[in-house]
Protein chains: 2
Amino acid sequence: MASYNKPDQTLFDMNAEILRAMAHPVRLMIMDELLRNPKCVTAIHEILDVSQPNISQHLTILRNSGIVASDRDGSYRCYYLRRPGLVKAVMETLSKKWPEADIENVRGNFKRALSIRLDKQGVVTPKGDS
Amino acid sequence: MASYNKPDQTLFDMNAEILRAMAHPVRLMIMDELLRNPKCVTAIHEILDVSQPNISQHLTILRNSGIVASDRDGSYRCYYLRRPGLVKAVMETLSKKWPEADIENVRGNFKRALSIRLDKQGVVTPKGDS
DNA sequence: ATAGGATATTCTAATATTCGAATACGGAAT
DNA sequence: ATTCCGTATTCGAATATTAGAATATCCTAT
């Protein structure tokens, strides 16, 4: 039961939790479908080639992490994205072609990175102390 | 050994793989640090409160999924983000405050979702066929 | 070659994820 | 009440992830 706004969690923990909930091909497919419009379980089950119980399990994971919510519609239960903007942004970000880092530029930063590391433990006291 | 451009993988599989690699608080912290500048393992180890072997393991995961790469710098090995833009975008997307879906609007789409589902299996033939 | 620091690997135990199978639940209509 | 349909839960086995401990490797300087 991981809700998505535990107040005492670090930002990294919370974000990791959301990412983990998203990090499955079937769940990505479900989110992709829900991005178009809300759907009941059977509709999702028919569109994707995944068993109904399995769909239900994945929906539970998405629900527990706050990504989807559901509402009754007669005898159906319709699922929808709670924050469609977030899901859309993540999926578009992933699909976008991102340029590789400029190796030369990166290499130029190595010394700085290294000095930062050395700064942290001081430059002196190579072995014996005092 | 999952490289990040297997040609016969679906987009969902590939994206899920990247998300899974990112979906850990320590790895998010590592990426956050590398976003500032490249760093060697020891620097990361000192900044985060995580054992060196564990840092190394997480770096291996990030490397295998194509998120980071490394280069020697003397006896150090400096890690850097291969596509900093991707990492930055994902992290900013996660941290942003996204509005909740408008429930009323969503509810209005339920019928459409349902009719789409019904369209798929036809309206006739309730039980016996032909 | 030896030593020492930086990084990687291996092993292991604990824990978590995944999925199929079977089943249970819940509402609507007969 | 029973049946049917849509959905959820439970169980179990296979597999994967995680982190610590111990150890190995690699580079550099002596």
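Chain A is the first sequence line, chain B the second, and so forth, proteins listed ahead of strands; every chain is numbered from 1. Only heavy atoms go into these numbers, but all of them, side chains included; no hydrogens, no water, no symmetry mates. None of the values given here were measured: they were computed from a predicted structure.
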Contacts of type ring-ring contact (aromatic ring centres under 6.0 Å, His included), residue A:His45, not counting sequence neighbours = none
message = Do B:Phe12 and A:Leu86 sit in one hydrophobic cluster, given that two such residues count as connected whenever their side-chain heavy atoms are within less than 4.5 Å of each other, even indirectly?
response = yes
Extract from the structure each pairing of a protein N or O with an N or O of nucleotides 22-26 of chain D at less than 3.5 Å, listing the distance.
none

query = How is A:Ser56 classified with respect to the nucleic acid when contacts are heavy atoms under 4.0 Å: base, sugar-phosphate, or nothing?
reply = base
query = Separation of A:Lys39 atom NZ from D:dT7 atom P, in whole Å?
reply = 13 Å
request  = Figure out the CD1/C1' separation between A:Ile30 and C:dC19, and round it to whole Å.
outcome  = 13 Å
query = Is it true that atom CG of B:Asp102 has more than 12 heavy atoms of other residues, nucleotides or ligands lying nearer than 6.0 Å?
reply = yes
task = Identify whether B:Leu35 and A:Leu11 are in the same connected component of the hydrophobic contact network (ILVMFWY, side-chain heavy atoms under 4.5 Å).
result = no
inquiry  = Mind checking if B:Gly74 touches a base, just sugar-phosphate, or nothing, with heavy atoms under 4.0 Å?
reply    = sugar-phosphate
ask   = What about A:Gln57: does its side chain form a donor-acceptor pair under 3.5 Å with the base of C:dT17?
value = no
ask   = Does anything in residues 65-77 of chain A pair up under salt bridge (Lys or Arg N to Asp or Glu O under 4.0 Å), and if so which pairs, sequence neighbours excluded?
value = A:Asp71-B:Arg107
query = Do NZ/NE/NH1/NH2 and the carboxylate oxygens of A:Glu92 and A:Lys96 come within less than 4.0 Å?
reply = no
ask   = Where is the tightest heavy-atom contact between B:Tyr80 and A:Val106, given as atom of each residue plus distance?
value = CG-CG1, 3.5 Å
What pairs of nitrogen or oxygen atoms, one from the protein and one from nucleotides 12-18 of chain D, lie under 3.5 Å apart?
{"unit_1": "D:dT17", "atom_1": "OP1", "unit_2": "B:Arg20", "atom_2": "NH1", "d": "2.8"}
{"unit_1": "D:dT18", "atom_1": "OP1", "unit_2": "B:Arg27", "atom_2": "NH2", "d": "3.4"}
{"unit_1": "D:dT18", "atom_1": "OP2", "unit_2": "B:Arg27", "atom_2": "NH1", "d": "3.3"}

task = Calculate the interatomic distance between B:His45 atom NE2 and C:dT7 atom P; express it in whole Å.
result = 10 Å
Spacing of B:Arg77 atom CZ relative to C:dG5 atom C1', expressed in whole Å = 15 Å
inquiry  = Give me the atom names and distance for the closest heavy-atom approach of B:Val90 to B:Met22.
reply    = CG1-SD, 4.0 Å
ask   = According to a strict under-4.0 Å criterion, is B:Tyr79 in side-chain N/O contact with OP1 or OP2 of C:dA8?
value = yes
For A:Asn54, side-chain contact (heavy atoms from CB on, under 4.5 Å) partners two or more places apart = A:Val50, A:Ser51, A:Gln57, A:His58
key: Gap between atoms CZ and C1', on B:Arg63 and C:dT7 respectively (whole Å)   = 10 Å
Validation row: B:Asp32, B:Leu28 side chains within 4.5 angstrom (heavy atoms) = no
query = Per the end-axis method with five pairs at each terminus, what is the bend angle of the helix from C:dA1-D:dT30 to C:dT18-D:dA13, to 10°?
reply = 40°
ask   = Does atom CG of B:Asp49 have more than 12 heavy-atom neighbours, drawn from other residues, nucleotides or ligands, at distances under 6.0 Å?
value = no
